[in-house]
Amino acid sequence: MRILHTMIRVGDLERSIRFYTEVLGMKLLRRKDYPEGKFTLAFVGYGDEADNSVIELTYNWGVDSYELGSGFGHLALEVDDVYRAAEEIRARGGRILREPGPMNAGTTLIAFVADPDGYPIELIGRKQ
């Protein structure tokens, strides 16, 4: 078994695709409209779905926002340099939720950014 994808609902699909591709550097892997169900799915990630876990962006037609809820935590991305990644994301228009630095009660370097719908994304420094 392996994790295939994580699905999140988005209020503006084009805005979310731009964020994940232009700000976080992912690729749009596939996209499909489902007119009978009135929704569109777009899959983004850093590599082919055959070998990588990806994110499924679900846009329900006519719904422009969601309550994020208290059960969802965050998505996590490994980066080579947390400080550099946060600055590049900021320069591309991304919103930093937590500046880079050691995690609470630990030494792992992390930062948090928000996607356009407010989903938190943790940046975790690659172990050297």
Side-chain angles (χ1 to χ4, degrees):
M1 286 190 237
R2 70 182 184 93
I3 296 173
L4 297 176
H5 63 261
T6 297
M7 183 274 268
I8 57 176
R9 290 181 175 87
V10 301
D12 181 329
L13 186 60
E14 298 309 319
R15 177 185 70 185
S16 292
I17 290 171
R18 278 193 309 277
F19 174 81
Y20 284 94
T21 59
E22 295 174 14
V23 176
L24 295 184
M26 294 183 187
K27 295 178 183 144
L28 175 60
L29 302 170
R30 61 187 169 106
R31 175 183 177 152
K32 184 172 179 184
D33 293 327
Y34 293 84
E36 288 184 24
K38 296 184 180 170
F39 66 93
T40 302
L41 302 181
F43 291 80
V44 294
Y46 292 110
D48 187 282
E49 290 176 80
D51 300 311
N52 296 276
S53 298
V54 301
I55 299 171
E56 173 187 338
L57 305 174
T58 297
Y59 173 65
N60 292 298
W61 300 355
V63 180
D64 63 2
S65 66
Y66 291 92
E67 294 289 326
L68 298 186
S70 61
F72 177 80
H74 60 270
L75 302 173
L77 302 176
E78 183 180 60
V79 297
D80 288 330
D81 181 324
V82 173
Y83 293 94
R84 187 178 78 230
E87 284 310 309
E88 289 172 356
I89 288 168
R90 187 187 329 268
R92 294 184 198 122
R95 182 167 53 107
I96 306 298
L97 298 175
R98 180 200 188 270
E99 293 295 332
M103 66 178 278
N104 184 20
T107 58
T108 301
L109 293 177
I110 65 169
F112 277 87
V113 302
D115 89 344
D117 289 282
Y119 291 107
I121 300 166
E122 182 179 21
L123 307 176
I124 302 174
R126 186 180 314 271
K127 301 271 190 236
Q128 302 299 332

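Only a predicted model underlies this, so the values are computations on that prediction, with no experimental measurement involved. Numbering of residues begins at 1 and proceeds along the displayed sequence. Scope of the values below: all heavy atoms of this structure, side chains included, with no hydrogens, waters or symmetry mates.
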### Task
Locate the shortest heavy-atom distance separating I96 from A86; write the atom from each residue and the value.
CD1-O, 3.6 Å
### Query
Would you call L77 and E122 a side-chain contact if the rule is heavy atoms closer than 4.5 Å?
no
### Message
Is any side-chain heavy atom of F72 closer than 4.5 Å to one of P120?
### Response
yes
## Note on the structure
Nearest heavy-atom approach of R2 to S53 is NH1-N, 4.4 Å
### Query
With a 4.0 Å cut-off, would you call R30 and E49 a salt bridge?
yes
#### Entry: Hydrophobic cluster identity match, M7 and L28, side-chain contacts under 4.5 Å
no
### Task
Could you pull out all residues at least two apart from Y34 that satisfy ring pair (Phe, Tyr, Trp, His ring centres under 6.0 Å)?
F39
### Task
Verify whether the ring centers belonging to Y119 and H74 lie closer than 6.0 Å.
no
### Query
Within a radius of less than 6.0 Å around CZ of R90, do more than 12 heavy atoms belonging to other residues, nucleotides or ligands occur?
yes
### Message
Nearest 0.5 angstrom please: D33 CG to K38 NZ, how far?
### Response
13.5 Å
## Note on the structure
Nearest heavy-atom approach of V54 to G45 is CG1-CA, 4.2 Å
#### Entry: Contact summary for Y59 and G11, nearest pair of heavy atoms
CE1-O, 3.4 Å
### Query
Are V10 and L29 joined in one hydrophobic group, where the rule is that I, L, V, M, F, W and Y side chains link up if heavy atoms are under 4.5 Å apart?
no
### Message
Can you confirm whether L24 sits close enough to I89 that some side-chain heavy atom of one is under 4.5 Å from a side-chain heavy atom of the other?
### Response
yes
### Task
Indicate, with yes or no, if I17 and L75 share a hydrophobic cluster defined by side-chain heavy-atom contacts under 4.5 Å among Ile, Leu, Val, Met, Phe, Trp and Tyr.
yes
### Query
Run the side chain to side chain donor-acceptor pair (under 3.5 Å) check on D115 and Y20 step by step: do they pass?
CA-CA 8 Å; D115 89 344; Y20 284 94; 2.8 Å; yes
### Query
So do L41 and K32 actually touch side chain to side chain, heavy atoms under 4.5 Å?
no
#### Entry: T40 side, atom OG1; L13 side, atom CG - distance, nearest 0.5 Å
6.0 Å
### Message
Less than 3.5 Å apart, any donor N or O on the side chain of E14 or S16 sitting next to an acceptor on the other?
### Response
no
### Task
For I124 and I110, work out which heavy atoms get closest and say how close.
CG1-CG2, 4.3 Å
### Query
Is there side-chain contact between V44 and L57, with heavy atoms separated by less than 4.5 Å?
yes
### Task
Nearest 0.5 Å please: distance from the CD1 atom of I8 over to the CD1 atom of I55.
6.0 Å
### Task
Compare all side-chain heavy atoms of M103 with those of L109 and state whether any distance is below 4.5 angstrom.
no
### Task
Answer yes when E88 and R84 have at least one side-chain N-carboxylate O distance shorter than 4.0 Å, and no when they do not.
yes
### Query
Once you round to the nearest 0.5 Å, how far does CG of N104 lie from CZ of R98?
8.0 Å
### Task
Mind listing the closest non-hydrogen atom pair of G125 and V82 along with its distance?
N-CG2, 3.2 Å
#### Entry: Any D64 side-chain heavy atom under 4.5 Å of D12 side chain
no
### Task
Examine distances only and state if a side-chain atom of R31 and a backbone atom of A42 form a donor-acceptor pair shorter than 3.5 Å.
no
### Query
Under 3.5 Å, is there a donor-acceptor pair between the side chain of Y66 and the main chain of G69?
no
### Query
Do the charged groups of D117 and R15 touch, with an N to O distance under 4.0 Å?
yes
### Task
Compare all side-chain heavy atoms of F112 with those of I121 and state whether any distance is below 4.5 angstrom.
no
### Task
Report yes or no: do F43 and M26 belong to one cluster of Ile/Leu/Val/Met/Phe/Trp/Tyr joined by side chain heavy-atom distances under 4.5 Å?
no
